[in-house]
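Side-chain atoms are counted along with the backbone in the values below, which use heavy atoms only and exclude waters and symmetry mates. By convention in this document, chain letters (A, B, ...) are assigned in the order of the sequence lines, proteins followed by strands, and residues within each chain are numbered from 1. None of the values given here were measured: they were computed from a predicted structure.
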2 protein chains.
Amino acid sequence: MRKEASRATGRPTLAEVAHLAGVSQITASRALRDVPTVDPVLASKVREASKALGYVPNPAARTLASARSQSVVVLVPALSNQLFVETLEAIHTVLRPRGYDVLIGNFHYSREEEEEVIRNYLAIQPCGILLTGFDGTDASLRLLEANKIPCVHMMELTKAEDVYSVGFSQEDAGAAIARHFLARGRRRLAYVAAQLDARVIRRGEGFKRALAEAGVDALELAVPGPSSVGLGGELFDKLLRQHPDVDGIFFCNDDLAHGAIFEAQRQGISVPGRVAFVGFNDLQISAHIVPRLTSIRTPREDVGKHAAHLMLALLAGAEVRDRTIDLGFELVVRESS
Amino acid sequence: MRKEASRATGRPTLAEVAHLAGVSQITASRALRDVPTVDPVLASKVREASKALGYVPNPAARTLASARSQSVVVLVPALSNQLFVETLEAIHTVLRPRGYDVLIGNFHYSREEEEEVIRNYLAIQPCGILLTGFDGTDASLRLLEANKIPCVHMMELTKAEDVYSVGFSQEDAGAAIARHFLARGRRRLAYVAAQLDARVIRRGEGFKRALAEAGVDALELAVPGPSSVGLGGELFDKLLRQHPDVDGIFFCNDDLAHGAIFEAQRQGISVPGRVAFVGFNDLQISAHIVPRLTSIRTPREDVGKHAAHLMLALLAGAEVRDRTIDLGFELVVRESS
DNA sequence: CTGTTAGCGCGTTCAC
DNA sequence: GTGAACGCGCTAACAG
């Protein structure tokens, strides 16, 4: 009877659901997608039939017919940074249960690679893209616009219209650290940074601006290469040789600060006795290291969660009032400062 | 002319490529998929036409027609553990450029959730699955078998036939640590562990077995919950109260060891003077912490790389001689032991 | 609010 | 070694 079964998936199809429910395929399709213009009675019949058959929609067929997949691409600068992994996981947690596939676009802090990643992922016709920051190439932006793909930017905020963003003010965070140092009576301050992406630069600017407003100059030691614990120690050592009087250092991330703490310990330099340290991101270990590290707790998990929900709203065609979601940050003061 | 363009993607299709190359669609299809039974001359014509048009295959159409997607699912116990992220990244690096989509299946150390994740991902008809470990539920294994999905297991090895695995011997690694302690004259040894998955248990067994062979008993402090830096400090403190004479501790992962190092420092306990520490995985920070942590360097990146290549071979239908790839491990001896 | 028609772009089948 | 025809499972369009 089922002589065609050789090629078929074997799984129940929409046609069978529709047949069982006594409606047409398209009505079944609409009912299962919660299209509002369906008689509630029919809709529930369809849902019952679907359940009875154990129907699972075929995403490939859906994508082919609608020219839009159920995949959301998440563009992150790196996976080596725990930061983005936590955001990614939050996104996953929101999107997967709703039937979306989440695809990682790791662009290794390279905007050219980001553009290439976008171009490649366009083949699967993603239904949405979550981006880190705002500094994609022009070509990237044009690609996304031309393909009418909803975008949500993460980690930073913008005042631009028509742009959806979820994050916090990097500048304000930098400024908060500056004020913290000043309040503690520190005056010989430095910003030590690596992996100089837009956010790292911006938080440094906030730091320096706040200091300048207080009439304090800031030292700066910034290297473009990747950040690491070992590098933190090296940069601290170098800075200390150049400026032995430095009494407060803001490291652009916790990893650098950890390395500096270890280096200080090896050199017998008291933290915060001689020099105070502040990190950024508040990684798990920062609350336990000796001395416990003062840091900015960034809402990376919430960023992912809110960005994902915002994307859901856009995908549903909902009216979004707040295009900008400011999740803030928290200065966690501990022993190191 | 193109009045139907409304629904079409606008992108060039296989039919256009075939037309330009002067062959039938199916020949173009075969040529682009490197099916061997195609005249090399025609094949190159097709490739030229494809390039000329900027043709990009439509994955959804391919999936629908072949009932198999270009997606590989990677099942990991957690993303909070940097370990698996590095493996995942390596897999990504191999598979993405070859046109595969990599989907994360985070099962949060729950085998039931793993089964559910598999069941959910089956809807997209993945062409392959990479698993962490061997202890999936029976139902999981049956699902994968019934759907004829190629599987590669990571992180552990097995002697079972018909099973592909890439990793190293957890037991041998544990045993190596035991021998290291013994060689250093330590005799009052303990295994401290959390997040008791199969691999954590196995490396503990290797540790204890090697000690037993040397006539040494092992203390053990194992808790089922998630691992963390803070927990490492707590467990160390607890163990020390119960057994003040302990002189060597093997922590099932570096995070626990880090926490213990900080706790020891706070209590003024000398490491390795009074008690030696060894961790597992050799995270980046372990080479810098004070004292630098002795640890087992696990080949997690290579595991991902080799697992991905093994999967590629299986997908290509190639003959695979070595179903088991042992990547080994390295005991990195540092100051803490 | 519902149904009919007509594909979406590709790979499988089976002839040649 | 190559091709014609068909169908994968679903949704967009438009009419009713």
Participant: Nearest whole Å is fine: how far is dC10(D) P from Q70(A) CD?
Facilitator: 12 Å
Participant: For DNA chain C, what residues of residues 19-34 of chain B have any heavy atom nearer than 4.0 Å?
Facilitator: Q25(B), I26(B), S29(B), R33(B)
Participant: Does anything in residues 116-132 of chain B form a salt bridge (charged side-chain N to carboxylate O under 4.0 Å, His left out)? List the pairs, not counting sequence neighbours.
Facilitator: E115(B)-R119(B)
Participant: Do the side chains of I149(A) and R68(A) get nearer than 4.5 Å, heavy atoms only?
Facilitator: yes
Participant: What's the spacing between L75(A) CG and L130(A) CG if we round to 0.5 Å?
Facilitator: 9.0 Å
Participant: To the nearest 0.5 Å, what is the distance between OG on S165(B) and NZ on K159(B)?
Facilitator: 11.0 Å
Participant: Side chain of T37(A), heavy atoms from C-beta onward: which of dG9(D), dT2(C), dT11(D) has the nearest atom to it?
Facilitator: dT2(C)
Participant: Heavy-atom nearest nucleotide on DNA chain D for V38(B) versus A61(B): which residue maps closer to 5'?
Facilitator: V38(B)
Participant: Roughly, in whole Å, what's the span from CG in N58(B) to P in dG7(C)?
Facilitator: 17 Å
Participant: To the nearest Å, give me how far apart CG (L64(A)) and C1' (dG9(D)) are.
Facilitator: 9 Å
Participant: Can you list everything that forms a salt bridge (charged side-chain N to carboxylate O under 4.0 Å, His left out) with D322(A)? Sequence neighbours excluded, please.
Facilitator: none
Participant: To the side chain of A65(B), which of dC10(D), dG9(C), dA12(D) is closest?
Facilitator: dG9(C)
Participant: Rounding to a whole Å, what distance do you find between L14(B):CG and dG9(C):P?
Facilitator: 11 Å
Participant: Got a second to check how far R300(B)'s CZ is from E86(B)'s CD, nearest 0.5 Å?
Facilitator: 4.0 Å
Participant: Using the side-chain heavy atoms of D39(B), tell me which of these nucleotides is nearest: dC10(D), dC8(D), dT2(D).
Facilitator: dT2(D)
Participant: In whole angstrom, what separates R62(A)'s CZ from dC8(D)'s P?
Facilitator: 18 Å
